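Worksheet: one structure, shown below.
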Amino acid sequence: MTSPTRICCIGAGYVGGPTMAMIAYKCPDIQVTVVDLNQQRIDAWNSETLPIYEPGLHEVVKACRGRNLFFSTDCRQSVADADIVFVSVNTPTKVTGVGAGKAADLAYWEGAARMIASVSTSSKIIVEKSTVPVKTAEAIGKVLQRNCADPEVHFEILSNPEFLAEGTAIKDLENPDRVLIGGRDTEEGRAAVEALSSVYERWVPRERVLRANLWSAELSKLTANAMLAQRISSMNSISALCEATGADVQQVAHAIGTDSRIGPKFLNASVGFGGSCFQKDILNLVYICESVGLKQVADYWHSVIQMNDYQKNRFVERVISGMFNTVSGKKIAILGFAFKKDTGDTRETPAIDVCHGLISDGADLCVYDPQVPKDQIHRDLATPKFLWDHPTLPNGAQMPFSCSQIEKSVTTSSDPYQACAGSHALCVITEWDEFASLDYERIYASMSKPAFIFDGRNVLEHERLRSVGFIVYALGKPL
Ligand code: NAD
Ligand code: UGA
């Protein structure tokens, strides 16, 4: 197969939606259907209010929706009709059974594979878009081939991991550093790699489409996320040392980032990394290493997660110790709840851990985020760790706080000034651009004194704020 004409993607989430929209946008002759079991999500993709906030996404969807881009819940028919089936379902951390708390839960993937096998009457290329443990293609291959009634139907599995980051997804998809395609080194495998490559080559220079074997491609994705997260944990560890010594973590980052072997990107110390993938993918890597007996390798990568947890706790402790060792009964404004700017996604956001830490010490919080609605904030704060991506709570799951406790301790506001009014402190948790240009004189005047700022992202002008009257704590900087 050299020119596929029908693509189906199972999973209309943060990856499936934007990725398929870009393929449809760039390849008007290919019909792209994105399917999902979640009716509400599909309805939103078909509406004016897309289910995810992503700069530039609406324009791309609008340009091709109804032309060659379709969103549907008719998974079976769309899969049956397709030449290429992308699988972009969620692969969260397992919460029960063997490997709970580390291993990837492939139940959604397996469910998709069984469905593909049951409806297929023609051979197809099956593309792993989800992030999966190395060797998943082998297991999925067995599920596919052994559940298909027609022995003439052949499934050729490719690994095509996605490297987009939320908030810059459209830019990343339009101009990717690379596209990675892993396939079997057989005639069918090589043909499938070429067929998928021909889709990307409509807009990605051929030299940026990397070819690899299946296992290298699968493992490259986990490794890329582990390396990216490791850079942040490394800088966060240094931020603690900076605070203890009077060095400035931004100056250190700049100085080391000018070494071309290190490079300047991804060196921002923060309150901790969040997002749906870094933690789960590293835990998955740790689990794989443990499974093959590589304890030291597992421990090495696990320390990246431990440092992230340390950083989030350290931030909470700094807020409490800075405010005379207690925040009980004090109002604290939380600026930003999303895990990074330019997204409404709150999966594994450090804001959850920070809010939990402050609520535990008795604080009353008022949260402002330009993209995250109140219901979501309350739901996130009442959901046990790891369980946000599971439909039902397993027996014995511990709720961090009851819903009524969250209702009592956490209010939200759609206005940053209102969120800060009457507060003793404000904490910047997400680096939204608008936080840098707020009227801090006005905010200072409305706050209890002494008025504290804890900048968990180093996005404010600290000296200016000190001259306004604030007591400012900036991450990894001298007090
Ligand atoms: P998501 O939860 O936003 O979307 C997954 C969708 O799959 C959900 O809407 C769910 O309803 C649907 N689904 C699950 N099982 C299904 C089935 N059997 N049939 C039809 N639909 C089904 O997840 P996401 O953030 O898009 O991530 C998807 C995968 O991509 C994960 O493996 C993730 O690790 C990886 N990834 C994510 C990002 C990111 O930025 N979010 C980036 C790169 C890779
Ligand atoms: C990350 C990777 O960057 C993508 O390449 C990958 O495809 C994706 O995970 C995935 O597999 O899901 P994403 O999580 O969307 O993308 O966003 P990032 O920009 O990587 O940020 C992750 C977290 O690290 C955020 O909380 C961010 O604020 C934090 N971060 C990032 C820092 O604390 N410091 C930095 O220097 C950079």
Side-chain angles (χ1 to χ4, degrees), residues 8-20 34-42 44-45 51-52 54 72-76 78-79 86-93 104-116 128-133 136 160-169 172-173 176-177 221-222 224-229 231-236 239 253 257 264-282 284 308 311-312 336 338-343 345-351 388-389 391 429-431 456-458 475:
C8 174
C9 174
I10 304 177
Y14 285 85
V15 169
T19 312
M20 292 305 119
V34 192
V35 297
D36 205 295
L37 299 170
N38 184 332
Q39 181 74 53
Q40 218 184 342
R41 219 168 205 191
I42 291 299
W45 279 111
I52 62 179
E54 190 63 57
S72 164
T73 49
D74 189 354
C75 301
R76 298 175 71 83
S78 307
V79 167
F86 286 79
V87 182
S88 186
V89 299
N90 34 335
T91 50
T93 305
D105 185 347
L106 293 179
Y108 299 103
W109 224 116
E110 190 181 331
R114 287 181 189 278
M115 186 271 284
I116 295 169
E128 284 180 352
K129 194 46 127 176
S130 301
T131 302
V132 291
T136 296
N160 174 220
E162 184 49 59
F163 295 103
L164 68 79
E166 289 176 32
T168 54
D172 296 342
L173 288 167
D177 286 347
K221 175 61 196 177
L222 294 181
N225 274 0
M227 293 286 285
L228 289 167
R231 277 170 79 93
I232 304 168
S233 276
S234 296
M235 289 316 294
N236 284 345
S239 74
K265 294 183 185 167
F266 247 73
L267 292 177
N268 293 325
S270 65
V271 58
F273 60 73
S276 60
C277 292
F278 279 176
Q279 174 170 279
K280 93 166 161 65
D281 292 347
I282 294 176
N284 182 356
N308 199 45
Q311 186 76 346
K312 291 183 279 190
F339 82 97
K340 64 184 283 196
K341 73 172 181 176
D342 293 337
T343 178
D345 193 354
T346 57
R347 295 177 292 178
E348 295 292 345
T349 174
W388 47 265
D389 209 7
I429 306 297
T430 312
E431 73 282 23
R457 294 287 185 170
N458 284 339
L475 213 114

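Just follow the structure's listing: the first ligand is 1, and inside any ligand the first atom is 1. Note that the coordinates shown come from a computational prediction; the quantities given were computed from them, not determined experimentally. Note that these values count all heavy atoms, side chains included, but never hydrogens, waters or copies made by symmetry.
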Which residue and heavy atom of the protein sit nearest [atom], plus the separation:
| atom | value |
| --- | --- |
| atom 1 (P) of ligand 1 | R41 NH1, 3.5 Å |
| atom 17 (C) of ligand 1 | L37 CD1, 3.5 Å |
| atom 39 (C) of ligand 1 | E166 OE2, 3.5 Å |
| atom 37 (C) of ligand 1 | V15 CG2, 3.1 Å |
| atom 23 (O) of ligand 1 | R347 NH1, 3.7 Å |
| atom 43 (C) of ligand 1 | E162 O, 3.2 Å |
| atom 34 (O) of ligand 1 | K280 NZ, 2.6 Å |
| atom 32 (O) of ligand 1 | T91 OG1, 2.6 Å |
| atom 12 (O) of ligand 2 | C277 SG, 2.7 Å |
| atom 8 (C) of ligand 2 | L164 O, 3.5 Å |
| atom 19 (O) of ligand 2 | K340 NZ, 2.8 Å |

Next on the checklist: With respect to A165, determine whether any N or O atom, backbone or side chain, lies less than 3.5 Å from an N or O atom of ligand 2.
Outcome noted: no
Next on the checklist: Minimum distance, heavy atoms only, to atom 25 (C) of ligand 2: which one of F266, F278, F339 is it?
Outcome noted: F339
Checklist outcome for this item: If you compare I116, V89, D36, V35 by their heavy atoms, the one closest to atom 12 (C) of ligand 1 turns out to be D36
Checklist entry - Among the heavy atoms of M115, does any lie under 4.0 Å from an atom of ligand 1? => result no
Item to check | ligand 2-proximal atoms of N268, by part, heavy-atom distance under 4.0 Å | outcome: both
Item to check | Proximal ligand 2 atoms for E162, defined as those under 4.0 Å from one of its heavy atoms | outcome: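 Contacts of ligand 2 toward E162, numbered from 1: 7 (O).
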Checklist entry - Which ligand 2 atoms does L228 reach within 4.0 Å, using its non-hydrogen atoms? => result 2 (C), 3 (O)
Checklist entry - S88 heavy atoms, cut-off 4.0 Å: which ligand 1 atoms fall inside? => result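 Contacts of ligand 1 toward S88, numbered from 1: 5 (C), 28 (C).
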Checklist entry - Is it the case that T136 and E128 place a side-chain donor and acceptor less than 3.5 Å from each other? => result no
